[in-house]
Amino acid sequence: MKYVYLFGNGTADGTAKMKNTLGGKGANLAEMNHLGIPVPPGFTITTDVCSHYYNNELKFPDQLEEQLLEALKSTESIMDLRFGDPDNALLVSIRSGARQSMPGMMETVLNVGLTSQTIPGLIKRSGSARFVYDAYRRLIMMYADVVMEKASGLEPKDGNGIRHILETKLDDYKNEKGYTQDTDLSGDDWKKISDVFKNEIELNLNDKFPDDPLEQLWGAIKAVFISWNGERAKNYRKIENIPDEWGTAVNVQTMVFGNMGEDSATGVAFTRNPATGENKFFGEWLINAQGEDVVAGLRTPSPLNEDTKTKETSHLPSLESSMPDIYSELNDIRGTLEKHYADMQDIEFTIQEGKLWMLQTRVGKRNGSAAIKIAVEMAKEGMITKEAGLLRVKPEQLDELLHPMLDSEAEKSAKILTKGLPAGPGGATGRIVFTADDAEEWHKNGERVILVRDETSPEDVHGMHVAEAILTAKGGMTSHAALVARGWGKCCIVGCSDLQINASKKELKIHGELLHEGDKITLNGTTGNIYKGELDLIDADPDTHPEYKELMVWADEKRKLKIRTNAESPDDAEQAIKFGAQGIGLCRTEHMFFDESRILAVRKMIFADNEKDRRNAVMELLPYQKKDFMGILLAMKGKPVTIRLLDPPLHEFMTLDEDQQIELSNSLGIDAEAVKSRIASLHELNPMLGHRGCRLGIAYPEITEMQATAILEATAELIKDGHDVYPEIMIPLVGTSTEYIDQEKIVRRVATSVEHNYKLKLNFLVGTMIELPRACLTADEIAKHAEFFSFGTNDLTQTTFGFSRDDIGTFLPDYLERNILPEDPFQSLDINGVGKLVTMAVDYGRNVNKNIKIGICGEHGGDPASIQFCKENGLDYVSCSPFRVPIARLAAAQAELK
Ligand code: ADP
Ligand code: MG
Ligand code: MG
């Protein structure tokens, strides 16, 4: 079996298509060779080796060593250097690379091959002891951290890791000598530091830093494989849904150096602006630096070109003006890569003594707004098809455009603390926390937090995930914080050098202003402004985004599913129409009963002990309900509106404290004890399975009669006024066709009388919510009478699993953690189980009533995977909350294309 794939010198064993075997990084390094792009030569060890390693008690396959040494030889001959050779030593980097990029989650070790044997020769060749010893101390630090500590399973407490110990030693040395910057240190200084480091390693890790190049090489390779199962990589995979079985590849690649003087440099770039989507080459670079310096945010990098300079970066030198020839070569590569991959790329490059080398290319992460702009523009440029453009945008990414922004009026009068680089747009407000663990803790207690750090590292992702926004003192637009936030569509500000963070004291100083953990701040991720206190956020208006509008037009052309919304007020309805809703799929009516002016009538109704009193009480509600329905029907402008009759258990209207009970007994003229005992009699052990849904209308037909009257009279009056209205009356929680027939009869009778009184013909439907397994099993019987089905998948999930949605918090987290359930079934439809019932009910229903209209309401209506399922099952529409309507529109189009 082939375990090792070579690349270099314009050829390669692999291609971009081999991501599963070579990982993303390895596959693209191979591909760049095929494209004639200069890449330092090397080889990729396949993901199969990773699987083998884990399946065989951490042992490598037998043929690996031979294949690796062979590949090393080829690399040596391309470079005319030899690994471990005293005169002409080859140095390599050991880089991880999974199928799907996991930025910074796994390990990389640079400068492998530096030993007491190879150092003198390298000093001679490079002419700089400083350069060589600087590289050496970096190797020692990385190796100790990654190979000797992490990969050996040592887990020192926060702050006691070997990396921290070595960093402290370096700081001590600098203080002693009065140095302030790394550039102040000479070759001799770095040599001494290297010795200090090696000593500390022996002291703390009881082991020696290896002086044998092959030992270093194998150690680093193993460490990268082991980092696949590191805590943070595992966490990241969980969040991103990356399977554990994939494994990582390992790339061994000739080192090139961006820190060999003023004609050397390093940088990262995006072929288009990842924050806005603008078609401009966008990146950052540092002269005389190694790659990690840009990403780690240790020095503030300079902009790549003149065009993308901002007020804050205008004084820094661009690559374009400093090294015009190299910039132009890089710009050509940008064009080649974008054309070849037909997508925005994220690239790493290093310039060694005036020669450009490409170290990485991958599809660049972008935020939602940029994703839309890039997809639409590339489709218009003819680089991709419209269909591909539609598939490029994750439905969830639209969320950002619908997300709140800071109220610009509030910003004007707010106290601006300072400004940083705007890395993730939108507004956010929350309480300051200084560590990822604190972020998680505060978040658990229901607080919105903003994570404030000098810089973030992959160890922080769990805290970044729960934070409203991320704010860092260091790093640029391509720093870890910016990259991760962008992937999640989160508000983020980076490189804010005015922040003086004291994480151990949990304090933050900005221009003399002292802030503590828990203090509120507000970020504007679009401008980079940071404000003291909590500012108002306002809803976004996606209609101001031209490419969004265009993409939605394309989506509407492609999709066949209709998209409705769940709304219960005219405001919600209008918002939803703005977002493109084609009707209301679920208008609940219970909240209409809770209004202060009405609740008394409801309670009177509950207390009535004869039909006449009950009817009188219920009919008090009629004028209110009628007004409610007129408002909603009018707002929907002739689009269908599904109104569900009263659903919740009665006791929900009767949660009263002592005082309220007395008040009620006074206003009803009923004895206080009687009130108490009636309330007690309404108590149910399992209200979810109790007296609710159509069971209410069956016990109290007056309720159904009043609601039907309100809906249909509202309809009649609007028709009279020349409006187009189209109500669909939905009977909830039906389990037998007889229940349905009982309730339908009341509605039909009311309709006849309304038509008679208003002398007109009503256009309406009567149907039911399918939310019990028995309704699915007998859907054929029900469909003989019902004109529509709407799957209430929340209750259907509850009753199919026998899970109470309200009590699921006690065990679901454990279920998800241990993979007993792949996902929360209340968020994404359980296709294997609940889905089967849906499929069955659709079949049964359509068999006897081929024109029956079928939709879904409930949370799943806005979930892309569930929408795909609805499309496959031939549903007519999905219904979701107003803010998910655009997401559902795109997901429905994608469902047609997949
Ligand atoms: P990540 O997955 O975190 O991007 P990389 O494998 O890309 O990790 O490496 C981390 C840093 O080291 C990057 O800045 C990269 O450019 C640099 N680097 C990796 N290999 C080499 C090499 N052969 N020569 C020079 N720099 C390298
Ligand atoms: Mg990289
Ligand atoms: Mg329900």
Side-chain angles (χ1 to χ4, degrees), residues 2-8 12-34 37 39-54 60 64 67-68 71 75 92-110 112 142 146-147 150-151 217-218 220-230 232-234 236-237 240 242-256 268 291-292 295 337 341 343 345-350 357-365 458 478 480 483-484 487:
K2 188 171 170 64
Y3 291 119
V4 177
Y5 285 70
L6 271 170
F7 60 82
D13 295 345
T15 69
K17 294 209 170 69
M18 299 178 66
K19 285 203 173 67
N20 293 0
T21 311
L22 302 180
K25 201 178 285 165
N28 287 330
L29 286 171
E31 191 78 3
M32 282 198 284
N33 273 287
H34 296 306
I37 291 171
V39 172
F43 51 89
T44 305
I45 305 170
T46 66
T47 54
D48 295 327
V49 175
C50 190
S51 310
H52 185 283
Y53 188 67
Y54 280 109
F60 286 131
L64 180 66
Q67 292 186 22
L68 182 144
T75 308
V92 294
S93 64
I94 315 299
R95 319 172 67 189
S96 58
R99 266 193 226 185
Q100 187 178 320
S101 116
M102 298 169 52
M105 287 300 132
M106 287 180 297
E107 304 296 353
T108 292
V109 184
L110 305 179
V112 166
M142 270 186 264
V146 173
V147 186
K150 289 206 181 90
L217 180 66
W218 283 107
I221 291 171
K222 271 186 199 154
V224 171
F225 282 131
I226 286 172
S227 72
W228 172 256
N229 266 351
R232 54 190 165 131
K234 280 201 280 193
Y236 184 87
R237 286 205 291 277
E240 298 284 322
I242 300 175
D244 290 338
E245 304 80 58
W246 280 5
T248 182
V250 173
N251 301 288
V252 178
Q253 187 175 26
T254 304
M255 279 302 300
V256 288
V268 290
E292 41 172 5
V295 187
L337 286 174
Y341 286 100
D343 202 350
Q345 298 290 300
D346 166 357
I347 60 182
E348 287 176 11
F349 62 91
T350 284
W357 294 98
M358 297 305 294
L359 287 170
Q360 188 168 337
T361 186
R362 64 183 167 204
V363 172
K365 291 219 190 252
T478 48
H480 177 261
L483 223 69
V484 172

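No hydrogens, no waters, no symmetry mates; every other heavy atom, side chains included, goes into these values.
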Are [X] and [Y] side-chain neighbours, meaning at least one heavy-atom pair lies under 4.5 Å?
{"X": "Leu29", "Y": "Thr44", "answer": "no"}
{"X": "Tyr236", "Y": "Met106", "answer": "no"}
{"X": "Phe7", "Y": "Met32", "answer": "no"}
{"X": "Phe225", "Y": "His52", "answer": "no"}
{"X": "Thr75", "Y": "Val252", "answer": "no"}
{"X": "Lys2", "Y": "Thr46", "answer": "no"}
{"X": "Lys19", "Y": "Thr47", "answer": "no"}
{"X": "Leu68", "Y": "Ile221", "answer": "yes"}

Could you state the interatomic distance from [atom1] ([X]) to [atom2] ([Y]), rounded to the nearest 0.5 Å?
{"X": "Ile226", "Y": "Tyr54", "atom1": "CD1", "atom2": "OH", "result": "6.0 Å"}
{"X": "Asn28", "Y": "Thr15", "atom1": "CG", "atom2": "OG1", "result": "9.5 Å"}
{"X": "Met105", "Y": "His480", "atom1": "CE", "atom2": "NE2", "result": "4.0 Å"}
{"X": "Thr248", "Y": "Trp228", "atom1": "OG1", "atom2": "CH2", "result": "6.5 Å"}
{"X": "Asn229", "Y": "Arg237", "atom1": "CG", "atom2": "CZ", "result": "5.5 Å"}
{"X": "Leu359", "Y": "Asn251", "atom1": "CG", "atom2": "CG", "result": "11.0 Å"}

Shortest non-hydrogen contact between [X] and [Y], atoms and distance:
{"X": "Leu6", "Y": "Phe43", "result": "CA-CB, 4.0 Å"}
{"X": "Gly23", "Y": "Ala249", "result": "N-CB, 4.0 Å"}
{"X": "Ala233", "Y": "Ser227", "result": "CB-O, 3.5 Å"}
{"X": "Gly14", "Y": "Ala30", "result": "O-CB, 3.4 Å"}
{"X": "Tyr3", "Y": "Val49", "result": "CD2-CG2, 3.3 Å"}

Given 3.5 Å as the limit, does a donor-acceptor pair link the side chain of Arg99 with the main chain of Ile242, or not?
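No, because the side chain of Arg99 does not come within donor-acceptor range (under 3.5 Å) of the backbone of Ile242.
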Does Arg95 form a side-chain contact (heavy atoms from CB on, under 4.5 Å) with Gln253? I'd like the steps, not just the answer. CA-CA 8 Å; Arg95 319 172 67 189; Gln253 187 175 26; 2.8 Å; yes
side-chain contact (heavy atoms from CB on, under 4.5 Å) for Ile37 and Leu337? Distances and angles first, verdict last. CA-CA 9 Å; Ile37 291 171; Leu337 286 174; 3.6 Å; yes
| Could you walk me through whether Trp218 and Phe60 pass the ring pair (Phe, Tyr, Trp, His ring centres under 6.0 Å) check? | CA-CA 11 Å; Trp218 283 107; Phe60 286 131; 5.7 Å; yes
Glu107 bridged to Arg232 by N-O distance under 4.0 Å: yes
By salt bridge (Lys or Arg N to Asp or Glu O under 4.0 Å), Asp346 pairs with (sequence neighbours left out) Arg362
From CA spacing to verdict: side-chain contact (heavy atoms from CB on, under 4.5 Å), Tyr341, Thr361 | CA-CA 10 Å; Tyr341 286 100; Thr361 186; 4.0 Å; yes
Q) What's the verdict on side-chain contact (heavy atoms from CB on, under 4.5 Å) for Met255 and Leu110, showing C-alpha distance, side-chain angles and the deciding distance? A) CA-CA 7 Å; Met255 279 302 300; Leu110 305 179; 4.1 Å; yes
